[in-house]
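This report concerns only the one structure given below.
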There are 2 protein chains.
Amino acid sequence: MKYGIVVFPSKKLQDLANTYRKRYDSHYSKITPHITLKEAFEADETEINKISETVASIAKKYAPLNIHASRISSFFPTTNVIFFRIEPTEQLTSLHQELQNQVNIGKPKHVFIPHITIAQDLTATEHDDIYGQLRMIGVNEQETIDRIHLVYQLEDGSWTTYETYRFTGAE
Amino acid sequence: MKYGIVVFPSKKLQDLANTYRKRYDSHYSKITPHITLKEAFEADETEINKISETVASIAKKYAPLNIHASRISSFFPTTNVIFFRIEPTEQLTSLHQELQNQVNIGKPKHVFIPHITIAQDLTATEHDDIYGQLRMIGVNEQETIDRIHLVYQLEDGSWTTYETYRFTGAE
């Protein structure tokens, strides 16, 4: 089964992201707006129990995440993905690294750039048009996220939460 | 904010439900297949903390839920909803009742008939056609669900998990 580890921002920020996603994001209906902390990986039922314990113990170490969605950016020319940039912090980087090291399945495909995707699977022309518009509008939202989600994927590509863990630590 | 309390069946049963839902269920993209234990209710941030504690304490009392999706049925003529019928058990009824009594917000609109919706918002003719076909195919799946989800709704109608709780009790 395919799993992933994400955090969901507040309803307010998810609603804002969805105003763009419903028009521009091919994955709009598969999962609500999120920040990916560990990309999709394969695990079986025995492994996932252990992974769940690992995530639980990591969540116990970390304080709720302070995030700042500071501007609208793009991964072009690597991919035509437009996103809310989340300012990198030591906390986010360290959490990502620790998940990667301890849930030691799969290599990250990209350098970790925390973000909330708002557009993907665009043609080059669409990307340029939309990015031009959205960059001007921008985004500026700060908030605290107090839990992390282990999610799994169904055959149709949609994601369901397997378990949630609260950040209750000090780091 | 609008909240609800649900359990998600196994990936296998969700995948099966989605083979019908993607064609016949207008809510297909809003939430993955589930059994509703408490219908949507309004709560603010202070209330939801208390409700979360309540659900946590109820989950600690109950053993993982044994469910049996035994046949395909319909709420016609009340509504044109077609669903996997989940055999009522003392455990399910008692859990539903306890959630209703302790999370004392909103009255249930219907008698509790545990089910997984696979079709809704059909015309009368569509309902009759599709129900006739699906009833013949039927369903027969037994499984155990070991966690319960508190979910909330975004402005576009989609649902995100707020928190999960494991059934760790004996009832």
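Below, chains carry the letters A, B, ... as their sequence lines are ordered, and counting in each starts from 1. Values reported hereafter were calculated over all heavy atoms of this structure, with side chains retained and with hydrogens, waters and symmetry mates removed.
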Query - Between NZ on residue A:Lys2 and NZ on residue B:Lys11, distance to nearest 0.5 Å - result: 10.5 Å
**Report entry** From A:Lys22 atom NZ to B:Ser29 atom OG, the distance as rounded to the nearest 0.5 Å
**Finding:** 12.5 Å
Query raised in the report: Same cluster or not: are B:Ile116 and B:Leu92 linked, directly or through other Ile, Leu, Val, Met, Phe, Trp or Tyr residues, by side-chain heavy atoms under 4.5 angstrom apart?
Result: yes
Query - Toward chain B, the part of A:Lys30 with a non-hydrogen atom under 4.5 Å - result: side chain
Report task. Indicate if A:Phe76 and A:Leu134 have the same hydrophobic cluster label, given that clusters are the connected sets of ILVMFWY residues with side-chain heavy-atom separations under 4.5 angstrom. Result -> no
Report task. Identify whether B:Val55 and B:Tyr62 are in the same connected component of the hydrophobic contact network (ILVMFWY, side-chain heavy atoms under 4.5 Å). Result -> yes
Report task. Treat each ILVMFWY residue as a node, draw an edge where side-chain heavy atoms are under 4.5 Å apart, and state whether A:Phe112 and A:Phe75 are in one component. Result -> no
Requested in this report: Consider only side-chain heavy atoms of I, L, V, M, F, W and Y, link residues closer than 4.5 Å, and tell whether A:Ile35 and A:Phe83 are in one cluster.
Outcome: no
Report task. Could you list which of residues 136-163 of chain A have a heavy atom closer than 4.5 Å to any heavy atom of chain B, in residue-number order? Result -> A:Arg147, A:His149, A:Tyr152, A:Gln153, A:Leu154, A:Glu155, A:Asp156, A:Ser158, A:Trp159, A:Thr160, A:Thr161, A:Tyr162, A:Glu163
Query raised in the report: CD of A:Glu42: more than 12 outside heavy atoms within 6.0 angstrom?
Result: yes
Requested in this report: Kindly check if the number of other-residue, nucleotide or ligand heavy atoms within 6.0 Å of CD (B:Glu90) is above 12?
Outcome: no
Requested in this report: Return the option, out of B:Thr32, B:Ile31, B:Thr19, with the maximum number of heavy-atom pairs under 4.5 Å with chain A.
Outcome: B:Thr32
